[in-house]
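Here the structure is a predicted model, which is why all the values come from computation and not from measurement. As a basis for the values below, the full set of heavy atoms in this structure was taken, side chains included, without hydrogen atoms, waters or symmetry mates.
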Amino acid sequence: MAVTRAQQPVVTTPTLPVRARLAHPALLLTGILLVALNMRACLAAISPMVGEIQRTFGLSATASGLITTVPVLFQGVGAPLTPRLTRRFGTERVVLGAVLVLGAGVLLRVLPSVAALYAGCVVIGVAIAVLNVSMPGLVKREFPGKAAAMTGVYSTTMLVGATLAAGTSVPLEHALGGGWQASLGAWSLLALVAAVAWLPQVLRSRQERAAAPAPAASAPRAAAVPAQGIWRSPLAWQISLFMGVSSLLVYILVAWMPTILADHGMDRGEAGLVFAFSNLVQVAGAFLVPLMAGRMTSQRALALVMAVLNGLGLAILLVSPVPGAWVAATILGIAQGGSLGLGLAFIVLRTDSAAGAARLGGMSQAVGYLVAAAGPVGAGALRQLTGGWDTVLVLMLALTAVVAAAGWGAGRNRTL
């Protein structure tokens, strides 16, 4: 029998395909990579400009050093606040807000005022802290079977962003013709691009919350693990110390490696190239080490290798700074990039949920960046006190033993 028009079923367009398109892995990966590009770029971009900023405002050497120290310090201060924000507003919205705040901080930093300069550094530090803590939990949730590999991808992208920023700041200054303000302010556009690319994830999470069935009134709520409990965990402290002392070694060399080489007689231009090469090599370590970590049941041996490589590179700088500079730069690049990637991998491997990764990330990065912030200033003061770099390098060598001990504990096959 023929079916009349009135009898034909009404076809409706389901909402699921829209959510499926917003959840496309390519969109998610693009958003993660663009966010990661921002997480170090605006910090690295300012290093070649510190001298010009100092001359513009008539800053002392100590005040100029704070331009790079303040963001690191406030990464430590802001990190513990992030798990509370993600629980209240959702990770996607928190990441979007942090990227936008980061862009605003970049613009604030270039206003013609010393107060605005340091206020922008504070805003940038807090925004990066939020992203530092949010991303491991996000990766843990979205890529539960490949969390370590994805950690390698986004940690590598962070270092690529830093390398590009450091290498293009001066050319940007010349191309834009607006001095250091135009060069540094241009990086706010990268934050805007990342925010636009991240919008689909915010829309997807909103649609998923709207489509999710409301919990039954009689259903008991799962008890949340107290956030303060993680601060009493020996494993959490071992991970935090591994990240903290590793970051301390990195930031000392970021601040002083070219100066160490130049003070031993190397041409300043070559010293800058050695430092840039070391940063480039970090990309390989940050990519490969988390991939290796994800294939291992225990990462103890890997943590020890990173500590030994750090020690070897520092020893070469101590006994043969100029002849061994390129070898030391290669070894230190692998160790520093690998330690960054391994520390982030520990956050996802040692937790069993996205919320747990966010809590551990908040603690480990709070401890890590507060410890790291003391490195450049402390090393400079010690060099001034002793009149040379030997004491600084010997102390750094001793700290690699702390990295080894903390990594040995953090690498155990356990979860919080």
Walk me through it: do Leu309 and Val305 pass the test side chain to side chain contact (heavy atoms under 4.5 Å, CB included)? CA-CA 6 Å; Leu309 289 177; Val305 169; 4.0 Å; yes
Backbone of [Y] reached by a side-chain donor or acceptor of [X] within 3.5 Å:
X	Y	result
Arg350	Arg412	yes
Asn38	Ala191	yes
Arg109	Cys42	yes
Ser298	Gly411	yes
Ser188	Gly185	yes
Ser155	Gly341	no
Arg93	Phe89	yes
Ser183	Gly179	no
Trp187	Val106	no
Ser240	Ala236	yes

Beyond-backbone contact of [X] with [Y], side-chain heavy atoms, under 4.5 angstrom:
X	Y	answer
Thr91	Arg141	yes
Phe143	Ile32	yes
Thr68	Val72	no
Val367	Trp237	yes
Glu270	Trp326	yes
Met243	Ile347	yes
Tyr118	Ile67	yes
Val322	Leu261	no

Looking only at non-hydrogen atoms, find the nearest pair between [X] and [Y] and report the distance.
X	Y	value
Met306	Ile334	SD-O, 4.1 Å
Gln365	Val133	NE2-N, 4.1 Å
Leu349	Thr415	O-CG2, 3.8 Å
Leu235	Gly409	CD1-O, 3.7 Å
Ala195	Val99	N-CG1, 3.9 Å
Val403	Leu249	CG2-CD1, 4.4 Å

Take atom CE in Met296; do more than 12 heavy atoms of anything else shown fall under 6.0 Å from it? yes
Count the heavy atoms belonging to other residues, nucleotides or ligands that lie under 6.0 Å from CZ of Phe287, then report whether that count exceeds 12. no
Straight-line distance of [X] [atom1] to [Y] [atom2], nearest 0.5 Å:
X	Y	atom1	atom2	result
Ser233	Leu416	OG	CG	4.5 Å
Tyr154	Leu34	OH	CG	15.5 Å
Met39	Ser134	CE	OG	8.5 Å
Arg414	Thr351	CZ	OG1	13.5 Å
Glu173	Trp180	CD	CH2	10.5 Å
Leu302	Arg300	CG	CZ	13.5 Å

In sequence, state the C-alpha distance, the side-chain angles, and the governing distance for Asn310 and Ser339, and then conclude on side chain to side chain contact (heavy atoms under 4.5 Å, CB included). CA-CA 9 Å; Asn310 259 313; Ser339 296; 3.8 Å; yes
Trp389 vs Trp256 aromatic rings, parallel, tilted or perpendicular, using cut-offs 30° and 60°? tilted
Verdict with reasoning, Asp352 to Lys140, per salt bridge (charged side-chain N to carboxylate O under 4.0 Å, His left out): CA-CA 9 Å; Asp352 54 10; Lys140 179 78 174 180; over 6 Å; no
Side chains of Gln75 and Asn132 only: does a donor on one sit below 3.5 Å from an acceptor on the other? yes
Name the one of Val319, Ile252, Leu253 that satisfies side chain to side chain contact (heavy atoms under 4.5 Å, CB included) with Leu314? Leu253
Given Val193, Leu28, Leu100, the one that forms side chain to side chain contact (heavy atoms under 4.5 Å, CB included) with Trp198: Leu28
Please walk me through it: do Val123 and Leu102 pass side chain to side chain contact (heavy atoms under 4.5 Å, CB included)? CA-CA 7 Å; Val123 172; Leu102 178 62; over 6 Å; no
Stepwise side chain to side chain contact (heavy atoms under 4.5 Å, CB included) test for Leu111 and Leu117: CA-CA 7 Å; Leu111 294 179; Leu117 171 67; over 6 Å; no
Could you go through Gln299 and Trp408, starting from their C-alpha distance and side-chain angles, then the distance that decides it, and tell me whether this counts as side chain to side chain donor-acceptor pair (under 3.5 Å)? CA-CA 8 Å; Gln299 294 78 33; Trp408 184 259; over 6 Å; no
Go through the steps to decide whether Gln201 and Glu92 satisfy the test side chain to side chain donor-acceptor pair (under 3.5 Å), and finish with yes or no. CA-CA 6 Å; Gln201 307 312 316; Glu92 287 80 7; over 6 Å; no
